[in-house]
Amino acid sequence: MLQKIKSELFSCIQEIYPKIEFSNNDIEVSCLYDEKGDFTSNLCLKYSKLLKEKPSDIAKNIIDIFKLNEITKIELAGPGFLNFFITDLAVMDLLNEEPSSFNDTSSVNIEFVSANPTGPLHLAHGRGAVVGDVLSNIYKYFGHKVTREYYVNNTGNQIKEFVSSVLFKISEKYKLNLNYSQHYKGDYIQTIADNCYDQFNNSIQFNNINEEDEINLANFAIKSLVEESIKTLKQTGIKFDQISYETDIMDKDLLTEIINKLSDKKLIYRGQLEMPKDYQGTKKENEITIFKSTFFEDDEDRAVTKNDGSPTYFANDVAYHVDKHKRGFDKLINIWGADHLGYLKRLSAALCALYPSINFSVVFCQIVNLKRDNKIQKLSKREGNIFELKLLVEEIGIENFRYFMCYRKNDTHMDLDIDLIKKENKENPIYYIQYSYARAQSVLDRKKNIIDASIDMPLELKNLYKKLFDWDSVVLAAYQRQEVHLIAHYLESLASYFHSLWSSAKANSQIKFLDNNDNISSHSYNLLKKYQDTLNQGLKILGIKPKLKM
RNA sequence: GCGCUCUUAGCUCAGCUGGAUAGAGCAUCUGCCUUCUAAGCAGAGGGUCGCAGGUUCGAAUCCUGCAGAGCGCGCCA
């Protein structure tokens with residue numbers, strides 16, 4: 001229907017203004033949901049300058065010659081909108097429209113969560129986890145081959161500090177007087193320390209630990225933390241296809257190749273970088289390897305190796321993304337927290353320098369504040385003051401968790417009000433949507449025969465038809481803009497039209513789904529089926545199961 | 001100091017890349033169950049879209065400046 005209106009508008013324009021170059025794609029037509037009409041177009045307003053006429057004159061010219069069987073009336077409205085009214089038959093026929101044939105089977109790698117293995121998953125990981133999972137589902141919906149990937153930074157200073165913190169706890173508990181300092185606080189460190197002690201009590205002399213022992217301890221602790229994280233995510237319906245470890249990538253020695261390649265392009269040099277003003281450590285005098293990322297409009301050049309010659313986090317990360325690229329994906333997407341905002345330029349710069357054609361993008365998730373007792377809770381991992389994801393999901397439930405984590409636009413700050421979600425769990429959007437599904441199901445359960453009947457088309461019914469028709473454009477928008485919240489909002493709005501129709505039947509029994517003999521008209525039956533089908537598609541993308549009964 | 005994300009109703013947030021009277025949920029108030037599920041519906045009140053300029057037929061949306069919030073700015077990860 002949209003296409004029909006668009007192409008008829010296009011031929012009208014061509015007929016009236018034959019000399020002006022105009023493309024079919026310039027025409028926008030969208031649904032209306034009130035008495036103003038069924039569809040609307042703003043093209044007279046938008047192109048009045050190009051066509052060198054007043055919007056209202058263009059509209060009048062179009063109205064004069066516009067012809068389409070399904071259209072009963074066209075109105076010039078407001079400052080120059082064209083509003084279209086379609087026949088009831090055409091409204092019902094909206095359900096039979098082919099969904100957009102958009103299909104792209106190229107392969108996509110979506111990397112998300114990728115939490116540092118120094119503690120359990122917490123609230124902040126939750127948003128990225130759900131957004132990444134839902135985005136993956138959207139890509140799948142449009143035919144892509146999707147790989148969900150989880151990256152583990154299992155080397156570097158943070159791991160040393162982590163092991164040190166564990167050994168500090170062991171030393172404290174068993175009064176060993178070891179020389180380790182505490183970097184990470186929090187009860188979970190004690191738990192890990194206990195597990196490590198139990199595991200290695202026989203094989204390691206804790207009074208005389210060597211480097212190899214530390215590595216073994218680290219590997220054991222990391223392994224159990226990663227396993228625990230993956231398990232927690234699995235319990236919320238998030239499964240990964242691939243887990244990659246930084247050390248495994250390092251073993252492939254991609255870095256030599258990368259540095260050579262960048263050197264050939266004169267983007268690598270040896271030198272020194274200024275330390276930040278508040279840097280506390282000892283001043284480094286050695287020359288290091290530096291990537292000229294300012295060439296790609298980064299704020300400063302970036303270190304590739306550290307003073308001791310070992311690769312920086314950045315260098316390994318470039319190698320990791322090169323590795324992903326080499327595995328043959330057509331597109332790489334990363335879901336990052338807002339604390340990595342400043343990191344995008346340098347990674348893009350490196351990837352762009354190495355593989356100019358690479359299709360790499362990042363979706364950012366802003367901070368989630370936890371609100372409890374009407375107060376924002378200050379959470380800090382280093383201070384050991386965290387809210388474990390597992391406990392959050394247990395407290396509010398998987399459905400609430402998934403729904404609320406993608407309810408808000410990913411790049412806006414968000415307050416998660418625990419008390420509100422719990423207190424109003426019967427009134428929150430996800431129950432509202434589920435309830436509409438169950439209502440539809442109750443009619444289907446009760447119906448006897450499917451019969452032919454005439455149709456009455458009040459506004460509430462018409463709106464539901466149009467809203468269902470709109471699903472196609474919403475899911476496409478969510479895909480193109482990489483914005484998962486559009487799905488959640490659409491479902492809520494769709495359910496609202498359903499409930500509205502349902503209730504209006506109280507005043508007008510003509511539009512009840514079932515007649516007095518519990519028979520259902522074929523168009524009502526089709527509508528309910530389509531309603532459930534559309535909710536199913538949306539809920540499937542959100543990873544939420546519909547309820548048949550409530 | 002620089003960069004990024006923001007500022008919309010009492011609260012939490014939408015606003016589809018410039019369009020019609022700025023929307024929804026929660027909270028407050030008023031109606032609606034002898035008829036398919038009231039976990040629902042209908043309605044009311046509540047707004048200078050942070051402030052000030054600019055761009056044009058038209059700005060919450062685009063540009064500039066200012067104020068405020070958050071995040072980031074290491075040879076940490």
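So that the names make sense, note that chain A is the first sequence line, chain B the second, and so on, each numbered from 1. Since we're looking at a predicted model, the values are computed, not measured.
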Both distances under 3.5 Å, Watson-Crick or G-U wobble: report the partner of [N], or none.
N      : answer
B:rG50 : B:rC66
B:rG72 : B:rC2
B:rG58 : none
B:rG25 : B:rC11
B:rA39 : none

Please tell me which of the listed nucleotides, [options], lies nearest to the side chain of [X]?
X        : options                : value
A:Asp415 : B:rU56, B:rU5, B:rU12  : B:rU12
A:Glu300 : B:rU5, B:rC73, B:rC41  : B:rC73
A:Tyr343 : B:rA77, B:rA20, B:rU37 : B:rA77
A:His499 : B:rG40, B:rU37, B:rA20 : B:rG40
A:Lys49  : B:rU37, B:rU5, B:rC57  : B:rC57
A:Met414 : B:rC13, B:rU5, B:rC73  : B:rC13
A:Arg481 : B:rG15, B:rU37, B:rG40 : B:rG15
A:Asn157 : B:rC41, B:rA77, B:rG70 : B:rA77
A:Leu486 : B:rC4, B:rA39, B:rG15  : B:rG15
A:Trp502 : B:rC76, B:rA20, B:rU37 : B:rU37

Do any side-chain nitrogens or oxygens of [X] fall under 4.0 Å of OP1 or OP2 in [N]?
X        : N      : value
A:Ser504 : B:rA42 : no
A:Arg439 : B:rA39 : no
A:Thr412 : B:rA14 : yes
A:Tyr435 : B:rA39 : yes
A:Tyr33  : B:rA20 : no
A:Lys409 : B:rU5  : no

Practice task
Pull up the glycosidic torsion of B:rC57 and say syn or anti, syn being anything within 90° of 0.
Solution key: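 Anti conformation here, the glycosidic angle of B:rC57 being more than 90° from 0.
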Is there a donor-acceptor contact under 3.5 Å from the side chain of [X] to the main chain of [Y]?
X        : Y        : answer
A:Tyr490 : A:His485 : no
A:Ser310 : A:Lys306 : no
A:Asn400 : A:Ile396 : yes

Handout entry: Rounded distance in Å - CG (A:Leu370) to C1' (B:rU12)
Key =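 So the CG-C1' distance, A:Leu370 to B:rU12, works out to 14 Å.
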Practice task
Could you state the atom-to-atom distance from CD of A:Glu492 to P of B:rA39 in whole Å?
Solution key: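 Rounding to the nearest Å, CD of A:Glu492 and P of B:rA39 are 18 Å apart.
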Any chance the side chains of [X] and [Y] put a donor and an acceptor closer than 3.5 Å?
X        : Y        : value
A:Ser114 : A:Glu111 : yes
A:His321 : A:Asn334 : yes
A:Gln272 : A:Glu287 : no

Handout entry: Any donor-acceptor N/O pair under 3.5 Å between B:rA69 base and A:Asn369 side chain
Key =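 Under the 3.5 Å cut-off, the side chain and the base do not form any donor-acceptor pair.
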Practice task
Report yes if a donor N or O on one partner sits less than 3.5 Å from an acceptor N or O on the other, where the partners are the side chain of A:Thr40 and the base of B:rA20; otherwise report no.
Solution key: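 When only heavy-atom distances are counted, A:Thr40 does reach the base of B:rA20 through a donor-acceptor pair under 3.5 Å.
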Practice task
Identify, between A:His485 and A:Asn153, the residue whose nearest nucleotide on RNA chain B lies closer to the 5' end.
Solution key: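 Nearest-nucleotide comparison on RNA chain B picks A:His485.
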Problem - Nearest-nucleotide 5' precedence on RNA chain B, A:Ala77 against A:Ala507 - result: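 Result of the comparison: A:Ala77.
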Exercise for the section: Please determine if A:Lys73 forms a cation-pi arrangement with A:Phe85, meaning its NZ or CZ atom is less than 6.0 Å from the six-membered ring centre and no more than 45° off the ring axis. Expected result: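 Yes, A:Lys73 lies over the aromatic ring of A:Phe85.
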Practice task
Write down the distance separating the C1' atoms in B:rC63 and B:rG72, rounded off to the nearest Å.
Solution key: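 About 26 Å, rounded to a whole number of Å.
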